[in-house]
Amino acid sequence: MEDLLPRPRVAERAPGTFGLSSGAAISGPAGLVDAVRLALPVLDLRPGSHAAIQVAEDPSLGPEAYEITITAAEVRITAADRAGAHYAGQTLRQLLPAEAFRAAALPGVAWALPCGRIADAPAFPWRGAHLDVARHFFPKREVLRLIDLLAAHKLNRLHLHLSDDQGWRVESRAYPRLHEVGSHRDRTVTGFHGEEPAFDGIPHGGHYTLHDLAEIAAYARARAVTVVPEIDVPGHSSAILAAYPELGPLPEKRYRVLDRWGISPAILSPLPATVDFLATVFDEIIGALGPTPYFHIGGDECVLDDWAASERVRAYQDELGLDSPSELHAWFLHRLADLLAERGVRAVVWDEAFVSGRLRPDTVVMAWRGMEVARRAAAAGHETIAAPVFPMYLDYAEASSAEEPAGLGDATTVADVAAFAPAPAEWTAEERARVIGTQFLLWSEWIPDGRTLDYRAWPRGCAAAEVAWTGHPADQGFTGRLGAHLKRLDALGVEYRPLTGPRPWQRGGTGWRRHRPGRVRVTEVMRHLAESAAAPGSARPNL
């Protein structure tokens, strides 16, 4: 029980073991039994009566909580809800040999659970991962696989970044040009910022159908993961405007899906036609996902120059009684949050939207520019997700070394993530209580495929799972537990970055694929972001 990750609140070892066999019986409420079985696929547990594995429901334990008692004669699981039952199953899976993480049972493996008692519950309700499928598209199979990995680590949010300047990634039946035009680009930039751009000359694209999205959401829901879609507006909108340029503030402008990284001045008009357009798209996505508690609407890195230059937008701003484009930016995001609230969904925004003001009180703030702006949002009464660039942006390289594959900058290590405190002890009790969780983020400019996704996400994602579940930095035993846990990732086939550095085939190679140490220092980035978050009108780009 000493190798569990994330670490449970209570884990007490007792003498003896409980022997399991493939096809063993499990009894209890059908929904909870199914959740346990999904967590232990290799064992092929069978629902039945008078089973040695028994599951019971006890909502008084609290959301997502569970207790396990293992004796030589039986296994008793008590869970607050389906999520708690699934996490109990994942804990049992970790108590078994690492071969329990394979897709099929190997001959000769003895399935035995150590006797004892485990009582556990998460510190935060939001424990997530963000996947940017706009810069580089990840096929459905990669998304489903990531959901499996999140569930194995007791992470419960998949934040899907479905739109950006470089691509629109979901079908729209109402506005089909979104996926027909906005989902692909002719080429992709290679090389580093500040250099003469070069391009690969290879078309890139893809999108999920609404049926795909429904499948992803159902698959996730069964594994206690909630999909949080993001349509990033009003900035980061080149792909939308390439499909529907009339939604821009200046009718004479034409746009294309961007083939380079960075920030674009492309911005949606804040006029009623745009709001109606987005309401329809939101309805399509919500309709596909099913019950959707959250919808991320972005609000970050908006260049408002075209609003200021547009006579129509200026007239609308005056009609609303607003004094500046910044106030209009805040009004626009509030309007979208109202639309979502009418549909029973809460809006999530990046922290620029909080700094701009006028947020609905129930809007969730995702703080990426540092913990000071996170604290301000919490102090202002907003539920807040702590997702600062350092240490939670995993597109940064794991080491300041030319042996690493190219990353945005350097360096964010496993130890950096493990040391993170999402709700720092020096904050007031009220501020800490409004931090609802944290997540790690995988921006995909430097993540072109699934193998690189594995390398970037793990094992730093293991450290993030530890922090998110326990609510505080990892303890001194984390490194040892992580070492044991990597054997489970091996069994799962995860191509993670070894703690000692990349394997020969994981190294950066030559040219732009090899990391350039010192080119972008994450500590310098964080200092700049903190300064910008403290400045008025900081909805404007920061990098």
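In what follows, every heavy atom counts, from backbone to side chain, and hydrogens, waters and symmetry copies are set aside.
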Exercise. Is the W350 ring parallel, tilted or perpendicular to the H296 ring (thresholds 30°, 60°)?
Worked result: tilted
For this session: May I ask you to decide if the ring planes of H382 and F354 are parallel, tilted or perpendicular, using 30° and 60° as cut-offs?
Result: perpendicular
Exercise. So, S264 and S238: side-chain donor and acceptor under 3.5 Å apart, yes or no?
Worked result: yes
Exercise. With distance as the sole test, does R360 use its side chain to make a donor-acceptor pair with the main-chain N or O of D338 at under 3.5 Å?
Worked result: no
For this session: Taking all non-hydrogen atoms of both residues into account, name the closest pair between P249 and D306 and its distance.
Result: CG-CB, 3.5 Å
Seminar exercise, completed: CG (L482) and CG (L499) are apart, to the nearest 0.5 Å, by 5.5 Å
Problem set entry | Short side-chain to backbone donor-acceptor contact, E431 and W427, under 3.5 Å | no
Exercise. Hey, is the main chain of A121 close enough, under 3.5 Å, to the side chain of R9 for a donor-acceptor pair?
Worked result: yes
Problem set entry | Pair E352-W368, side-chain donor/acceptor within less than 3.5 Å | yes
Problem set entry | Qualifying residue for side-chain hydrogen bond (donor to acceptor under 3.5 Å, both in side chains) with E404, from R497, H515, R516 | R497
Exercise. Do R369 and D351 meet the salt-bridge criterion of a basic N to acidic O distance under 4.0 Å?
Worked result: yes
Exercise. How long is the span from the CH2 atom in W458 to the CG atom in L394, to the nearest 0.5 Å?
Worked result: 9.0 Å
Exercise. Given the rule in the side-chain hydrogen bond (donor to acceptor under 3.5 Å, both in side chains) test, do Y66 and D120 qualify, once you have shown the distances and angles that lead to the verdict?
Worked result: CA-CA 6 Å; Y66 67 91; D120 204 6; 3.1 Å; yes
Problem set entry | Cation-pi, W126 ring and R157 (6.0 angstrom, 45 degrees) | yes
Exercise. Should the ring pair H161 and H130 be called parallel, tilted or perpendicular, given that the plane angle runs from 0 to 90° and is split at 30 and 60?
Worked result: tilted
For this session: Flag yes if more than 12 heavy atoms outside R343 fall under 6.0 Å of its CZ atom; otherwise flag no.
Result: yes
Problem set entry | Aromatic plane relationship, Y175 with Y244 - under 30° parallel, 30 to 60° tilted, over 60° perpendicular | perpendicular
Exercise. What's the verdict on side-chain contact (heavy atoms from CB on, under 4.5 Å) for V133 and S444, showing C-alpha distance, side-chain angles and the deciding distance?
Worked result: CA-CA 7 Å; V133 297; S444 65; over 6 Å; no
Seminar exercise, completed: d(D232 CG, I297 CD1) to nearest 0.5 Å is 9.5 Å
Exercise. Would you say R346 has more than 12 foreign heavy atoms packed within less than 6.0 Å of its CZ?
Worked result: yes
Exercise. So, R358 and E327, do they make that salt bridge, N to O below 4.0 Å?
Worked result: yes
Exercise. Is a side-chain donor or acceptor of Q166 paired with a backbone partner of L258 at a separation under 3.5 angstrom?
Worked result: no
Exercise. ring-ring contact (aromatic ring centres under 6.0 Å, His included) between H334 and H329: does it pass, once the steps are laid out?
Worked result: CA-CA 9 Å; H334 193 297; H329 171 265; over 10 Å; no
Problem set entry | E524 side chain to H528 side chain, donor-acceptor N/O pair below 3.5 angstrom | no
Exercise. Is the closest side-chain donor-acceptor distance between Q439 and R127 under 3.5 Å?
Worked result: no
Exercise. In a check of ring-ring contact (aromatic ring centres under 6.0 Å, His included) between W469 and each of F478, F124, Y87, which one passes?
Worked result: Y87
Problem set entry | Flag for H179-E171: side-chain donor and acceptor within less than 3.5 Å | no
Problem set entry | N/O donor-acceptor pair under 3.5 Å between W168 side chain and I231 backbone | no
Exercise. So, does T292 use its side chain to make a donor-acceptor pair with the main chain of L289 at under 3.5 Å?
Worked result: no
Problem set entry | Polar contact flag, side-chain donor to acceptor under 3.5 angstrom, T413-D416 | yes
Seminar exercise, completed: To the nearest 0.5 Å, atom CG of L442 lies from atom OG1 of T452 at 11.5 Å
Exercise. With distance as the sole test, does T363 use its side chain to make a donor-acceptor pair with the main-chain N or O of L359 at under 3.5 Å?
Worked result: no
Problem set entry | Salt bridge present between D475 and R7 (N-O < 4.0 angstrom) | yes
For this session: Grab the two heavy atoms, one from S269 and one from V313, that are nearest each other, plus how far apart they are.
Result: OG-CG2, 4.4 Å
Exercise. Is D449 paired with R451 through a side-chain N to carboxylate O contact shorter than 4.0 Å?
Worked result: no
For this session: Kindly confirm or rule out a cation-pi arrangement of R223 over Y219, judged by NZ or CZ under 6.0 Å from the six-membered ring centre and within 45° of its axis?
Result: yes
For this session: For this output row, return yes or no: ring centroids of F332 and Y316 closer than 6.0 angstrom.
Result: no
Problem set entry | Electrostatic pair D132:R169 at N-O distance under 4.0 angstrom | no
Problem set entry | R481 vs H485, side-chain contact (heavy atoms from CB on, under 4.5 Å): CA-CA, chis, key distance, verdict | CA-CA 6 Å; R481 287 186 289 116; H485 187 71; over 6 Å; no
For this session: Decide if the gap between the ring center of Y455 and the ring center of Y496 is smaller than 6.0 angstrom.
Result: no
Exercise. Just by distance, do the side chain of S237 and the backbone of G235 share a donor-acceptor pair under 3.5 Å?
Worked result: yes
Problem set entry | NZ/NE/NH1/NH2 to OD/OE distance under 4.0 Å, R135 and E445 | yes
Problem set entry | Test salt bridge (charged side-chain N to carboxylate O under 4.0 Å, His left out) applied to K154 and E64, step by step | CA-CA 10 Å; K154 300 186 176 76; E64 303 182 281; over 6 Å; no
Seminar exercise, completed: To the nearest 0.5 Å, atom CG of L340 lies from atom CZ of F295 at 6.5 Å
Problem set entry | Point-to-point distance, once rounded to the nearest 0.5 Å, from CZ of F440 to CG of L131 | 9.5 Å
Exercise. Is the backbone of T188 close enough, under 3.5 Å, to the side chain of D259 for a donor and an acceptor to pair up by distance?
Worked result: no
For this session: Search all heavy atoms of G248 against all heavy atoms of L241 and return the closest pair with its distance.
Result: N-CD2, 3.3 Å
For this session: Using the six-membered ring wherever Trp is involved, compare the ring planes of Y393 and W443 and label them parallel, tilted or perpendicular (cut-offs 30° and 60°).
Result: tilted
Problem set entry | D454 vs R145, salt bridge (charged side-chain N to carboxylate O under 4.0 Å, His left out): CA-CA, chis, key distance, verdict | CA-CA 10 Å; D454 270 7; R145 182 172 180 274; 2.7 Å; yes
Problem set entry | Sole candidate of W512, W261, W446 that passes ring-ring contact (aromatic ring centres under 6.0 Å, His included) when paired with F192 | W446
For this session: Output yes when a side-chain donor or acceptor of N156 lies under 3.5 Å from a complementary backbone atom of P125, and no otherwise.
Result: yes
